[in-house]
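Step one of this worksheet: look at the structure below.
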Amino acid sequence: MFTSKITSTPLASFRSARLVPMVLLFLLGCFLVSPAGAAQNTAFLPLQVLSPQQDPAFTARIDEEMSAALAAKDLQMIERQRAVELVDYRRWPPSAEVLQTVAQQTGSGSVAVGTAIVIGSQISIDIKVYDLLEQSQPRFFVAEAPSIGELSNAIASVIGQVVAYAEQSLFIGSISPEGNKIIDSGAILRRIKTTVGDPYDPATLREDLGEIFAMGYFDDVQIDVTDGERGKNVVFRVVEKPTISLITFTGLAELQESDLKDVVTIKENSILNQVRVNAAAEAIKALYKTKGYYNTDVTTNITYPTPGTAAVQFVVNEGAKIYIKEISFEGNQTFDDDDLEDVLETSTKGWFSWLTDSGLLDREVLNQDAARIVSFYHNNGFLEARVAEPEVTQEEEWLFVTFVVEEGPRFKVGTVDIVGDLISDKQVLLDMLSIRNEEFLSRKTLRDDITTITDHYAENGYAFAEVRPDIAKSEGGGRVDVKFTIYRGDLVYINRVIVKGNSRTRDNVIRREVQVAEGGIFNAKGLRNTSQKLQRLDFFEEINVTPEPTLDPDKMDIIIDVKEKSTGQFSIGAGYSSVDDLIVMGEISENNFLGMGHRLALAANIGGNSSRYNLSWTNPRVYDSQISMGFDLFDWEREYDDYTKESIGGALRFGHPLWEEWRMYESYSYTDTDLSDISDDASYIIKQSTKVPVTSAARVSFVRDTRDRLFGATEGSRNSIGVQYAGGPFGGDAQFTAVEAETSWYFPFPFGTTFHILGSIGQVWENETDKLPVYERFYLGGINTIRGYKYGKVSPIDPETGDRIGGDRMWYTNIELVLPVFKEQGVYGVVFFDAGDALEENEDWSGGDIAKAVGVEARWLSPLGPFRLVWGYNLDPRSDEPESVWDFSIGGQF
């Protein structure tokens with residue numbers, strides 16, 4: 001309930017002796033100024049215009065703006081022609097006698113006169129209002145316009161001030177709320193129509209009162225209206241409802257109180273609003289529905305601990321969780337239920353519903369499923385297919401979902417044509433279209449073809465090219481002819497490349513990966529390649545390469561917005577080897593050293609019988625060129641059963657592009673190796689290796705890497721082949737040549753899985769007899785080669801001593817299926833098959849006992865870095881080999 005109270009103070013009265021003449025003057029003024037019959041208390045004379053150059057057009061502009069400002073207040077200005085007859089503008093301001101005459105002629109109680117003064121580009125508007133009862137004390141009002149463009153605002157401002165003073169009995173002088181302690185006054189005033197300066201209208205004020213009451217925060221609303229110096233003073237007096245002091249929930253079992261607070265919009269210390277309380281109860285029920293609780297009931301209890309506070313309690317009766325038992329289809333003739341069910345995201349309850357929440361009904365997902373069915377039909381030739389809103393029925397503790405399908409006719413692909421602005425030979429463009437190979441029309445294929453053509457044009461500079469398909473039914477009705485009309489638009493050039501967000505990485509590190517040039521033709525493929533290259537740097541969390549239009553329609557800016565991430569890494573790992581059993585590995589590295597894109601790393605591997613230290617530095621882009629350079633310093637030591645090996649040395653590395661995606665790498669290494677503690681019954685090969693301590697070698701390799709990312713790739717490949725030559729012109733003791741090749745391919749499979757296959761092969765030759773050290777031979781086994789075998793265990797054995805002496809040839813393959821387990825958390829499962837062998841010189845490639853293993857692997861991109869846990873099963877173990885092997889490694893970032 002609300003009430004209103006309107007009060008007013010009496011206006012000043014005139015003497016009775018003057019009443020009749022003033023009435024007559026008032027009627028005369030209505031006739032002269034307001035033909036429509038509207039009365040006004042103040043007569044407004046046109047402004048006197050003082051300008052260095054008397055411009056009639058400028059004077060007319062002043063009159064027009066002033067008339068418009070007065071008309072907005074339902075008032076009028078005396079026309080200038082009439083004003084010149086009443087007032088001599090050469091003598092300004094008019095005398096008291098002249099003003100009296102104007103008032104008599106217009107029937108007004110006051111007269112407003114003013115001047116517009118032009119000084120340079122500035123215009124000053126000065127207006128005085130003379131009250132005929134107090135002519136000696138006129139009121140003065142002023143406004144300034146810095147330029148003629150602001151003239152309208154200045155005149156409207158000063159007229160508003162004048163009207164608020166002179167016509168105060170007819171207009172709103174002030175509006176304010178009172179009694180509100182919590183609800184902001186601005187929030188109240190934004191709900192009403194009336195504003196200061198508006199004509200006083202009780203009907204509108206009563207509507208405003210209703211709007212304030214409808215806010216739901218007040219028990220009572222009243223209006224007080226009084227006369228003031230500037231017009232009617234309007235006060236909305238409100239009485240606020242109690243404040244919510246406490247919100248509680250009872251009956252919760254399946255959900256937590258924090259879950260409900262996330263959807264409840266009312267908060268403690270806010271004003272009680274019954275509408276919002278009811279909405280909160282409905283939000284709780286909706287939340288429970290998303291969790292499968294369709295019978296949940298929520299009631300509200302409101303108590304008042306004190307007169308000014310309220311406690312709100314939500315009483316929840318959760319009920320039982322309800323699952324979907326059956327999904328059925330009606331009207332589907334061409335496709336059976338299984339075909340359509342494969343399209344849906346909604347599913348029935350299964351064995352793992354307790355873990356995956358399958359079988360729960362989500363209305364939003366259900367409606368999306370209806371759209372998915374329509375898309376499925378549209379992509380199989382049914383262009384007029386429709387699906388009604390899914391029907392959901394509940395029977396006891398189960399839900400039943402029904403999709404009603406109207407298939408309509410099926411259309412085959414007829415003729416396909418391309419017309420319009422062609423930048424390539426028509427047949428070339430037609431060959432890009434997949435729709436030509438489809439039997440039935442597919443909207444998805446149609447969209448893909450539009451994208452293909454649009455991309456082709458964008459790669460050739462036409463960034464705004466449009467491709468519009470026209471589908472026409474053939475005369476027979478069973479086919480549709482498709483015509484693509486191309487509008488190429490204007491050729492677009494790159495204006496500027498702008499890099500943003502790189503707080504650490506230097507601009508040149510990013511710009512050198514950009515595949516478009518300022519001033520060059522727009523190239524969409526270049527932008528995609530730019531994004532891919534920046535992604536491969538692995539320096540950033542987010543990368544957005546976005547073209548933005550400029551003021552010149554033929555040019556676009558390229559905005560590269562990046563978000564930095566930690567590029568330093570601290571990794572630790574563990575593994576098993578035939579010599580050490582347990583090996584602990586650690587590395588500290590910085591992949592973006594000083595923001596220059598350099599990589600600096602210090603690694604250490606420490607085992608029971610080994611230690612390995614390595615310091616490396618790499619600059620991938622020397623002077624922003626395509627040439628890379630780096631060096632390595634190392635100190636390695638390992639104790640074997642029959643000897644101890646210690647190597648100290650270094651390497652210098654270079655790399656540069658060769659052809660397309662191929663890169664060429666060159667390196668030189670110098671290693672001084674000391675073999676000690678050699679067993680008396682050690683293999684001849686081991687003893688002979690003591691005579692070749694120094695290895696001075698050059699290596700050349702060729703690498704092609706098109707993986708979508710360096711770690712966790714889902715598509716692309718990495719291929720490499722390398723040749724190492726030791727001795728000869730490089731000096732040293734060792735004399736050998738080694739060749740290794742590797743190819744690794746990634747293929748995206750359905751359901752987010754990835755198929756990965758890797759093959760590696762290598763061979764080493766002695767350039768001089770007994771000049772190939774045992775440690776330069778091939779040893780396989782372990783987490784990075786053949787899983788299911790211990791590290792280095794796949795190796796030829798000296799029949800006389802039983803030592804593993806490595807092979808002069810090797811090959812192995814990894815075949816994997818990578819499955820996303822919890823993709824958002826970075827958890828993947830891997831099923832693998834590994835096989836390979838290390839061979840002796842007298843064995844051919846098909847000889848030897850091939851090592852074969854199957855197994856599973858868990859991979860997790862943990863907060864500490866990549867984690868791998870591998871179990872491999874040896875399919876054909878020898879007597880000295882275990883049937884299965886566990887390996888693991890873990891790394892982290894700092």
| Would you find more than 12 non-hydrogen atoms of other residues, nucleotides or ligands less than 6.0 Å from W745 atom CH2? |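 No - once you tally the heavy atoms of other residues, nucleotides and ligands closer than 6.0 Å, there are 12 at most.
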| request: Taking atom CD of E389 as the centre, report whether more than 12 heavy atoms of other residues, nucleotides or ligands fall under 6.0 Å from it. | output: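 Not buried by this count: 12 neighbours or fewer within 6.0 Å.
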I'd like to check the side-chain contact (heavy atoms from CB on, under 4.5 Å) partners of [X]; sequence neighbours left out, ordered by chain and number.
| X | result |
| --- | --- |
| D481 | T415, S474 |
| E438 | V413, I435, T445 |
| E660 | none |

| Hey, are the side chains of L594 and H598 touching, using non-hydrogen atoms and a 4.5 Å cut-off? |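 Sidechains of H598 and L594: no contact.
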| said: Quick check: do I324 and F400 have side-chain heavy atoms less than 4.5 Å from each other? | reply: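 Counting from C-beta outward, I324 and F400 never come under 4.5 Å.
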Could I get the full list of ring pair (Phe, Tyr, Trp, His ring centres under 6.0 Å) partners for [X], not counting sequence neighbours?
| X | value |
| --- | --- |
| F440 | none |
| H456 | none |
| Y828 | none |
| F376 | F335 |

| Sidechain N-carboxylate O distance under 4.0 Å for E541, K563 |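 Salt bridge: yes.
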With [X], which residues qualify under salt bridge (charged side-chain N to carboxylate O under 4.0 Å, His left out), at least two apart?
| X | answer |
| --- | --- |
| D431 | R436 |
| E466 | R468 |
| D448 | K444 |
| R859 | E816, E857 |

| Inter- and intrachain pairs under side-chain hydrogen bond (donor to acceptor under 3.5 Å, both in side chains), touching residues 523-534, at least two apart |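 Passing the test, one end in residues 523-534: E459-R528.
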| Which of these, D557, L551, I558, sits in a side-chain contact (heavy atoms from CB on, under 4.5 Å) with N495? |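 Among D557, L551, I558, the one meeting side-chain contact (heavy atoms from CB on, under 4.5 Å) with N495 is D557.
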